[in-house]
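Numbered from 1 within each chain, the chains take letters A, B, ... in sequence-line order. Source: prediction; values computed, not measured.
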There are 2 protein chains.
Amino acid sequence: MSQEKFDSTDLKILDALQRDGRLSNVDIAEQINLSPSPCLRRLRRLEEEAVIEGYKARLNRNRLGLAMTVFVQVKLRSHSADSVAGFEAAVQQMEAVVNAHTVSGSADYLLEVVVADLEGYDLWVRQIQQLSMVREIESNFALRAVKADAPLPL
Amino acid sequence: MSQEKFDSTDLKILDALQRDGRLSNVDIAEQINLSPSPCLRRLRRLEEEAVIEGYKARLNRNRLGLAMTVFVQVKLRSHSADSVAGFEAAVQQMEAVVNAHTVSGSADYLLEVVVADLEGYDLWVRQIQQLSMVREIESNFALRAVKADAPLPL
DNA sequence: TAACCTTGAGCAATATTATGTCGATAATTG
DNA sequence: CAATTATCGACATAATATTGCTCAAGGTTA
């Protein structure tokens, strides 16, 4: 739809930053063989156009005591606008939910939930089950991360 | 297992950085009401202990022409060490796979795959189906992101 | 109580960064 | 081919950031 707007230099900047979000402009410039001034111009443009939505630190969940990641498939009772809006608002307020998508297939939503332990998960499940618009959930516990938060293929 | 190692000041630093990974040390210090020197000491410690695993720019997939996100459940033919190792090595090399976990439940793996369009997905599926250790895959297309890459609950 | 350990505040020196300007060059378009 | 536009490299500057050092305060332990 729009990737024609970005030349290979833009992509190199984006790729450098998705691998190390704290690179300074001069470091990026050096890495992609460009001088700092045009590099900064491009970077600012990419930020303004919201191609870069933000920056974040990648934290180690286990070391923070968040040892449990669960993928939860949710089916709603009805797909009325109210049900959908209510469910999504609830999901957005739940801090344990770090990712949520509507999906094709037999489930309506796929959520990624992060909690400390089984007890924390139990508490969260009770919250979700109290939502009247939820018909059914199926939990799949992440046993091991094979690949996490890898860079996008640019 | 280990969150006793972090006091509330550490958590404030981590929380600030997972929301804005480019904050300077002085900005973090101001945000959490601490002077820059101890703030930097803590930050460096958190980096050295790999509580902070790195930093990354959050890119807008749609604007980059990566309009399709697919969650793929994979079942293996056998769970021999060779099958597992071979499959995981293949997954790690596929750039379209941005997340991969082994999971409980009927599937062995849950993958998140990012491609430009259906054609790109078709190409990827053929790659995966050529792996002899793969018995079956089920694709669930992400229709809409309700929540993406939200901060961890600290 | 005294010694000790941890952690914070303040300050200074250094290094680094972001950012604007300007002329040159390359690409594009009519 | 000429004119226009876009983009680059180089340089200068001003603002910021990082980092080390020292001293003080608070809490802990023997």
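Shown here are the salt bridge (charged side-chain N to carboxylate O under 4.0 Å, His left out) partners of A:Arg45, two or more places apart in sequence or in another chain: A:Asp10, A:Glu49.
Listed here is the closest heavy atom pair of A:Asn140 and A:Glu138: OD1-OE2, 3.8 Å. Across B:Ala50 and B:Glu53, no two heavy atoms sit closer than the pair O-CG, 3.8 Å. The shortest heavy-atom contact between A:Val84 and A:His79 is CG2-O, 4.0 Å. Of all heavy-atom pairs between A:Arg42 and A:Asp7, the closest is NH1-OD1, 2.9 Å. Taking all atoms of both residues into account, the shortest heavy-atom contact from A:Leu131 to A:Ala90 is CD1-CB, 3.8 Å.
Between its two ends, the helix from C:dT1-D:dA30 to C:dG30-D:dC1 turns its axis by 40°, counting five pairs per end and rounding to 10 degrees.
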All N/O pairs under 3.5 Å across the protein-nucleotides 17-21 of chain D interface:
{"from": "D:dA17", "atom 1": "OP1", "to": "B:Ser24", "atom 2": "OG", "distance (Å)": "3.2"}
{"from": "D:dT18", "atom 1": "OP1", "to": "B:Asn25", "atom 2": "N", "distance (Å)": "3.3"}
{"from": "D:dT18", "atom 1": "OP2", "to": "B:Asn25", "atom 2": "N", "distance (Å)": "3.0"}
{"from": "D:dT19", "atom 1": "OP2", "to": "B:Arg44", "atom 2": "NE", "distance (Å)": "2.9"}
{"from": "D:dT19", "atom 1": "OP2", "to": "B:Arg44", "atom 2": "NH2", "distance (Å)": "2.4"}

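For residues 95-105 of chain A, the pairs satisfying side chain to side chain donor-acceptor pair (under 3.5 Å) are A:Asn99-A:Glu112, with sequence neighbours left out.
No hydrogens or angles considered: a donor-acceptor pair under 3.5 Å links the side chains of B:Tyr55 and B:Glu47.
Counting non-hydrogen atoms under 4.0 angstrom, B:Arg45 reaches nothing in the nucleic acid.
With contacts defined as side-chain heavy-atom distances shorter than 4.5 Å, the pair B:Leu143/A:Val103 does not qualify.
Atom CD1 in A:Ile32 sits about 14 Å away from atom P in D:dT7, given to the nearest Å.
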Tabulate below the donor-acceptor pairs under 3.5 Å that side-chain atoms of residues 66-77 of chain A make, not counting sequence neighbours, or state none.
{"from": "A:Thr69", "atom 1": "OG1", "to": "A:Arg61", "atom 2": "NH1", "distance (Å)": "2.9"}
{"from": "A:Arg77", "atom 1": "NE", "to": "A:Ser132", "atom 2": "O", "distance (Å)": "3.0"}
{"from": "A:Arg77", "atom 1": "NH2", "to": "A:Val134", "atom 2": "O", "distance (Å)": "3.1"}

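Here the range on DNA chain C touched by chain B, meaning any atom under 4.0 Å from one of its heavy atoms, is C:dT7 to C:dG10.
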